Amino acid sequence: MEMWHNPACSKCAGARASLEEARVPVRLRAYLEQPPDADELRDVLRRLGARAWDVCRTGEPAGVALGMAGWTRDDATEPRWIEAMVAHPELIQRPILLLDDGSALVGRTPDALDEAVRRAHG
């Protein structure tokens with residue numbers, strides 16, 4: 001699986017350690033250095049079964065500066081959310097786990113990590 005991570009994030013470090021302990025091979029992607037484009041982010045959202053605002057860290061300085069907490073959350077405004085997240089990848093929730101089976105999870109909780117391990121081991 002691929003993990004979008006921020007090396008300075010404790011949740012990312014915990015997810016990486018849990019996956020290593022479970023012997024799940026992981027390709028790390030430092031998404032702040034290799035940000036996704038809009039199409040890639042839309043694909044990840046589809047894989048997550050999520051909307052852009054579901055994985056947006058609106059409390060980050062860029063999100064606060066943009067006033068994102070007050071943005072409308074509907075089909076018409078989702079492209080605006082995606083555009084902001086592509087321009088400011090620090091707004092993307094982490095870690096995101098892109099599983100080889102085509103699914104994805106946000107790996108912030110023990111339950112999500114357990115599910116990722118289960119799926120990875122088939």
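Since this is a predicted model, take the numbers as computed values, not measurements.
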Query raised in the report: Charged N to carboxylate O below 4.0 Å: is that the case for Glu60 and Arg57?
Result: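 A salt bridge is present here (some side-chain N lies under 4.0 Å from a carboxylate O).
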
Locate the shortest heavy-atom distance separating [X] from [Y]; write the atom from each residue and the value.
{"X": "Leu98", "Y": "Trp4", "result": "CD1-NE1, 3.4 Å"}
{"X": "Gly107", "Y": "Ala15", "result": "O-CB, 3.9 Å"}
{"X": "Arg94", "Y": "Tyr31", "result": "CD-OH, 3.3 Å"}
{"X": "Val55", "Y": "Ala50", "result": "CG1-CB, 4.5 Å"}
{"X": "Leu113", "Y": "Ser18", "result": "CD1-OG, 3.9 Å"}

For residues 32-39, dump all side-chain donor-acceptor pairs below 3.5 Å to protein atoms at least two apart in sequence or in another chain.
from, atom 1, to, atom 2, distance (Å)
Asp37, OD1, Asp39, N, 3.2
Asp37, OD1, Glu40, N, 2.8
Asp39, OD1, Arg42, NH2, 2.4

Query - Contacts of Arg119 that satisfy side chain to side chain contact (heavy atoms under 4.5 Å, CB included) - sequence neighbours left out - result: Leu99, Asp101, Ser103, Leu105, Glu115

**Report entry** Pairing residues for Arg27 by the side chain to side chain contact (heavy atoms under 4.5 Å, CB included) criterion, not counting sequence neighbours
**Finding:**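 Result, side chain to side chain contact (heavy atoms under 4.5 Å, CB included) vs Arg27: Glu2, Asp100.
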
Give, for atom [atom1] of [X] and atom [atom2] of [Y], the distance between the pair rounded to the nearest 0.5 Å.
{"X": "Arg108", "Y": "Leu97", "atom1": "CZ", "atom2": "CG", "answer": "11.5 Å"}
{"X": "Gln93", "Y": "Asn6", "atom1": "CD", "atom2": "CG", "answer": "11.0 Å"}
{"X": "Arg80", "Y": "Leu66", "atom1": "CZ", "atom2": "CG", "answer": "8.0 Å"}
{"X": "Glu78", "Y": "Met85", "atom1": "CD", "atom2": "CE", "answer": "9.0 Å"}

Report task. Apply side-chain contact (heavy atoms from CB on, under 4.5 Å) to the pair Leu91 and Met68, showing each step before the final yes or no. Result -> CA-CA 10 Å; Leu91 295 172; Met68 293 179 82; 3.6 Å; yes

Report task. Using the side-chain contact (heavy atoms from CB on, under 4.5 Å) rule, take Val64 and Thr58 through it: C-alpha gap first, then chi angles, then the decisive distance, then the call. Result -> CA-CA 6 Å; Val64 172; Thr58 59; over 6 Å; no

Query - Cation-pi, Trp81 ring and Arg51 (6.0 angstrom, 45 degrees) - result: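 Pair Arg51/Trp81 does not count as cation-pi.
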
Query - Side-chain donor/acceptor of His121 to backbone N/O of Ala22, under 3.5 Å - result: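 It does hold such a pair.
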
